[in-house]
Amino acid sequence: MTNPDFAALVRGIEPLRACFIVEAASGALHREFTRGPMPVEPAAVARAVAGLARAQTDIVGLAEPATLCTLEWPSVRVIVRSVSASALVIFFFEADTKLGVARMHITNIVDELDALLPSTRPQTMRAMPSVAAPADVEPSPAPEPEPEPAPEPAPATSPSTDPSSSRGQRLLAYLDENAPDTHAALLRVSLQTGLPLSLLKSPEKLSGDEFEQVTASVRRILGVEQLPL
């Protein structure tokens with residue numbers, strides 16, 4: 001369904017000044033309808049409301065945003081409805097609209113929105129490029145085997161060479177590349193896990209248990225069940 005179809009669906013609601021569908025994880029504006037000028041850009045509204053929904057999950061420690069959120073000002077009443085794990089719908093009503101009437105309109109619209117919601121397909125890893133097989137060549141004669149050197153003693157394990165250390169670095173690098181609010185992502189991990197920022201800035205020092213805590217927090221922040229690590 002296109003944007004004109006979306007406008008046709010909501011235009012008949014007289015007290016509705018604007019309505020937006022937002023991708024919850026990224027804060028991207030998916031569909032929009034406005035009746036007259038808006039004091040702020042719809043895309044800025046979408047990003048701000050997605051951030052509010054993510055903040056709600058930190059308040060109660062749940063992976064999904066609240067089902068319904070109402071914000072009231074003297075000139076406008078804004079209601080945010082979570083309609084799936086991947087989508088939010090924002091309704092701007094006239095300030096004198098009765099809350100019961102607004103919720104009735106919201107329920108009627110949400111029932112018609114399935115075809116408009118953003119896809120919930122998980123992110124996929126980029127495929128490796130194919131490489132042509134080398135041309136056939138004559139095999140070279142096998143070299144004479146050299147005596148094997150005596151094995152050297154294994155070096156002591158350090159945080160930088162431990163496999164879990166490199167996993168911690170890759171995990172937080174992936175968060176930095178994909179978080180919609182990169183500047184605050186590490187702080188959110190610290191708040192959710194109770195681990196200090198100084199430790200998170202040196203992920204090679206994470207213990208196995210701390211790594212699992214950080215992994216669960218990153219999944220909540222990005223809104224995914226699995227991480228491609």
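Just so it is clear, the model here is predicted, and its values are computed rather than measured. The figures that follow rest on heavy atoms only: side chains count, while hydrogens, waters and symmetry mates do not.
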Side-chain touch Leu117/Val83, heavy atoms, less than 4.5 angstrom: yes

Distance-minimising heavy-atom pair for Ala50 and Ala24: CB-O, 3.8 Å

Linked, directly or transitively: Met104 and Leu68 (ILVMFWY side chains, under 4.5 Å): no

Minimum heavy-atom distance between Ser217 and Val189, given as atom pair plus value: OG-CA, 3.4 Å

N/O donor-acceptor pair under 3.5 Å between Asp176 side chain and Leu172 backbone: no

Nearest atoms (heavy-atom pairs only) where Arg77 meets Glu94: CB-O, 4.3 Å

For the student: nearest non-hydrogen atoms of Cys19 and Leu16, plus distance: CB-CD2, 4.0 Å

Thr193 (side chain) donor-acceptor with Val214 (main chain) under 3.5 angstrom: no

Flag for Gln213-Asp209: side-chain donor and acceptor within less than 3.5 Å: yes

Any donor-acceptor N/O pair, Ser202 side chain to Lys205 backbone, under 3.5 Å: no

Minimum heavy-atom distance between Ala95 and Pro74, given as atom pair plus value: CB-O, 3.2 Å

ILVMFWY network linking Leu197 to Leu175, side-chain heavy atoms under 4.5 angstrom: yes

Closest approach of Leu227 to Leu171 (non-hydrogen atoms, all atoms of both residues): CD1-CD1, 3.5 Å

Single-linkage hydrophobic cluster Val101~Ile109, side-chain heavy atoms < 4.5 angstrom: no

Interatomic spacing from CZ in Phe20 to CD in Glu32 - rounded to 0.5 Å: 6.5 Å

Note, Val45 side chain near Leu29 side chain (heavy atom, < 4.5 Å): no

Parallel, tilted or perpendicular: rings of Phe93 and His105 (30°, 60°): parallel

Interatomic distance, Thr215 atom OG1 to Glu210 atom CD [nearest 0.5 angstrom]: 11.5 Å

Check: Ala28 main-chain N/O paired with Ser26 side-chain donor or acceptor under 3.5 Å: yes

